[in-house]
Amino acid sequence: MKLHWLMGPAICVASLVACAPVGPDFVRPNSPVLKQWIEVNSPNANASGLTSRSAPVVKWWETFNDPTLNKLIAQAYSQNLSLQVAGARVLQARAQLGIAFGELYPQSQAIGGSLQQRRISENLGPISDIRRIIPLDTEFSTSQVGFDAQWELDVWGAQRRGVQAARSNLALQVANYDDALVTLTGDVAAIYINIRSLQEAQQVARENIKLQQEALDLTELRFNNGVTTELDVQESTALLNNTQALVPELESDLQQAKNTLAVLLGTTPSNMSGMLGGSGRIPTARSNVAVGVPAELLRRRPDVRAAELAAATQSAEVGIAMADLYPQFILSGAVGLQASGGRDLFSSGSGTGLANAGVVWNVLNYGRIKNNVRAQDAAYQALIANYQNTVLTAYSEVESAMVAYSEARKQVAFYQRSVEASRRAAEIAVDQYRDGIASYSRILNTQTALLRSQANLIEARQQVSTNLVSIYKGLGGGWQIRQNQEFLPETVLAEMAYRTDWGDLLENTPTRASLN
């Protein structure tokens, strides 16, 4: 993307009237446009459960109808510390915008005063010669107070570009906060789904342990009665112990998942068991999922907005760098009172003043300045490419999540039938073995197949819900819950307001009383 440099005529310099800022005016970069989702418009669209007829819901986690999940999302929003880091950066950017606005006015403004007492040596050659002719006081005092100011005129728009950069950076930090919130809600939901799937797997393991223990008891009974050989007992014992070995592994994975969730919630792992309970079901959402149209994605996804705003911020930096190529026009002045001694300082004749207009042109550093402009331009071009890549990545993530969700739904249907058939086969095998018309290998095979089918079904159901979370996350859902809210919790804002005078930069400025 080429940059068009905006230069005003030289006559505006002579009249000290600000020209249009030098440098490029930012325009959203071109990006690929996706007209429709592949999976939504496929021949099997009805079976996919996806529709573009309506926009995605904002609080998408509520579609799972799981009160525990809703509570976890709310706690993560209010307590997650990584989100608070992003919120603090928003407040920092607000303050930096105020600094940029201040650069539009006299950059140096100071009130000062001094009182000096001096004594001149009587043995200096000129002084001693004069004192022989004229009495001269070699001790005297001076006092002064005054106001000094210096203003670099924004002829080339460097300060205005600085305001543009600071304003874009503020919007960028808000977009980064929103992106962190989207990631947070998605991660909480995905880990919660994983926890519930592990709890279901534990329950399935216990059920199979009970079933396999009954089979082992049967083989031992038949062996003791001389009906079968020890081989059946040992095979049954091996199968039972293999299944029992799954429980410690599942328990370890479950606790690790709880620990990860605790970090996202801003709490300690010891609180998780009380919040989650000892068992639960994998949350499932409604059958039809609204995904909207691809054009909405560029407005909904915070990371796409952030990539655009990062380019806008850098565009202003190019203009700031270009302003160094031109002369700087500086006005400075001072007014005050000055007198010998302190008694006459505030009399009418003690006034003093200075006015100065100057030009500074860094003509001998053009190589450094031009290369700085080129460096800023290259950084700008890189951010344009990053924006375009972010858009492509967003499309890809949503499409991938959609196809994974659709195919996982199909797997669930197959595995449900497989579990039903495996359970019935295991029952038949036990009956036939008890009646002596089938070998124990039939029980071994059917019970192994039953455990595998049940594990596959749990994993498929988990993938359906997890991929649905990925769809909503890819569509940029969830950040809207922070609208009309400040970017930090009230307790944190109260602490900041108590520690530092934030003025009106905090939208809901707490009082000191709120700390008590």
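What you see below is based on every heavy atom in this structure, not just the backbone, and it leaves out hydrogens, waters and symmetry mates. Worth saying up front: this structure is predicted, and the values here are computed from it rather than measured.
- Using a distance-only test at 3.5 Å, with no hydrogens or angles considered, no donor-acceptor pair links the side chain of Gln328 to the main chain of Val360.
- Applying the 6.0 Å contact sphere to CZ of Arg300 captures more than 12 heavy atoms from other residues, nucleotides or ligands.
- Side chains of Tyr472 and Val57 form a contact here, defined as non-hydrogen atoms less than 4.5 Å apart.
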Could you check Asp25 against Arg161 for salt bridge (charged side-chain N to carboxylate O under 4.0 Å, His left out), going step by step and ending with a plain yes or no?
CA-CA 10 Å; Asp25 288 329; Arg161 290 297 190 195; 2.9 Å; yes

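- Remark: the backbone N or O of Leu265 is paired with a side-chain donor or acceptor of Gln79 at under 3.5 angstrom.
- Shortest non-hydrogen contact noted between Ala175 and Pro302 is O-CB, 3.4 Å.
- Counting heavy atoms from C-beta outward, Pro269 and Lys258 have side chains that stay 4.5 Å or more apart.
- Between Glu495 and Arg499 there is a salt bridge, since at least one side-chain N of the basic residue sits less than 4.0 Å from a carboxylate O of the acidic one.
- Here the shortest heavy-atom pairing between Ala189 and Leu69 reads CA-CD1, 3.8 Å.
- Checked by atom type and distance alone, the side chain of Asn467 pairs as donor or acceptor with a backbone atom of Gln463 at under 3.5 Å.
- Side-chain N or O atoms of Ser168 include one that pairs as donor or acceptor with a backbone N or O of Gln164 at under 3.5 Å.
- The pair Arg417-Glu420 fails the salt-bridge criterion, with no side-chain N (NZ, NE, NH1 or NH2) lying under 4.0 Å from an Asp/Glu carboxylate O.
- Not a single donor-acceptor pair under 3.5 Å links the side chain of Gln314 to the backbone N or O of Leu383.
- Residues Arg281 and Arg196 form no side-chain contact, since every pair of their non-hydrogen atoms from C-beta on lies 4.5 Å or further apart.
- Judged by distance alone, the side chain of Ser453 and the main-chain N or O of Ser422 form no donor-acceptor pair under 3.5 Å.
- Using a 4.5 Å cut-off on side-chain heavy atoms (C-beta onward), Val90 and Leu488 make no contact.
- For the atom pair CG of Asp253 and CG of Asn194, the computed distance is 8.0 Å after rounding to the nearest 0.5 Å.
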Could you walk me through whether Gln75 and Thr267 pass the side-chain contact (heavy atoms from CB on, under 4.5 Å) test, one step at a time?
CA-CA 9 Å; Gln75 180 169 335; Thr267 187; 4.0 Å; yes

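- Remark: side-chain polar atoms of Trp361 are paired, donor with acceptor, to backbone N or O of Leu325 under 3.5 angstrom.
- Rounding to the nearest 0.5 angstrom, the gap separating the OG1 atom in Thr185 from the NZ atom in Lys59 is 12.5 Å.
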Starting from the C-alpha separation in whole Å, work towards a yes-or-no answer on side-chain contact (heavy atoms from CB on, under 4.5 Å) for Phe26 and Tyr380.
CA-CA 10 Å; Phe26 178 74; Tyr380 177 44; 3.4 Å; yes

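- Using cut-offs of 30° and 60° on the angle between ring planes, the pair Trp37 and Tyr395 is perpendicular.
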Show, in sequence, the C-alpha distance, side-chain angles and deciding distance for Tyr415 and Ile458, and conclude whether the side-chain contact (heavy atoms from CB on, under 4.5 Å) test is met.
CA-CA 9 Å; Tyr415 283 132; Ile458 291 174; over 6 Å; no

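- Checked by atom type and distance alone, the side chain of Thr500 never pairs as donor or acceptor with a backbone atom of Ala497 at under 3.5 Å.
- Residues Thr390 and Tyr387 are not in side-chain contact: their nearest non-hydrogen atoms beyond the backbone lie 4.5 Å or more apart.
- With a 6.0 Å radius and a threshold of 12 heavy atoms from other residues, nucleotides or ligands, Asp501 has its CG atom at or below the threshold.
- Nearest heavy-atom pair, Ile471 versus Leu50, reported as atom, atom and distance to 0.1 Å: CD1-CD2, 4.0 Å.
- Separating the CD atom in Gln255 from the CE atom in Met272 is a distance of 9.5 Å, to the nearest 0.5 Å.
- Looking at Gln256 and Thr260, their side chains never bring a donor and an acceptor atom within 3.5 Å of each other.
- Rounded to the nearest 0.5 angstrom, Arg167 CZ and Leu170 CG are separated by 9.0 Å.
- Residues Ala165 and Glu317 share a closest heavy-atom pair of CB-OE2, 3.9 Å.
- Counting heavy atoms from C-beta outward, Ile73 and Tyr192 have side chains that stay 4.5 Å or more apart.
- The side-chain heavy atoms of Pro24 and Ser315, taken from C-beta on, include a pair separated by under 4.5 Å.
- Counting all heavy atoms, side chain and backbone alike, Val174 lies closest to Arg482 at CG1-NH2, 3.3 Å.
- A salt bridge is defined here as a Lys NZ or Arg NE, NH1 or NH2 lying under 4.0 Å from an Asp or Glu carboxylate O, and Arg301 with Asp179 fails to meet this definition.
- Counting heavy atoms from C-beta on, the side chains of Asn80 and Gln84 never come closer than 4.5 Å.
- With rounding to the nearest 0.5 angstrom, the CD atom of Glu308 is 11.0 Å from the CG atom of Leu172.
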Show your reasoning for whether side-chain contact (heavy atoms from CB on, under 4.5 Å) applies to Leu153 and Leu331.
CA-CA 7 Å; Leu153 300 179; Leu331 297 178; 4.1 Å; yes

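- The two residues Gly477 and Val182 have their closest heavy-atom pair at O-CG2, 3.7 Å.
- A salt bridge does not link Glu397 to Lys473: none of the charged nitrogens lies less than 4.0 Å from a carboxylate oxygen.
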Carefully, step by step, assess Arg94 and Glu486 under the rule salt bridge (charged side-chain N to carboxylate O under 4.0 Å, His left out).
CA-CA 13 Å; Arg94 285 182 189 169; Glu486 190 49 281; 3.2 Å; yes

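- A donor-acceptor pair under 3.5 Å links the side-chain atoms of Ser400 to the main chain of Ser396, judged by distance alone.
- Rounded to the nearest 0.5 angstrom, Ile193 CD1 and Leu198 CG are separated by 12.0 Å.
- Side chain of Ser470 to main chain of Thr466: a donor-acceptor pair is present (N/O by atom type, distance under 3.5 Å, no hydrogens or angles).
- Salt bridge Arg305/Asp178: present, at least one basic N to carboxylate O contact under 4.0 Å.
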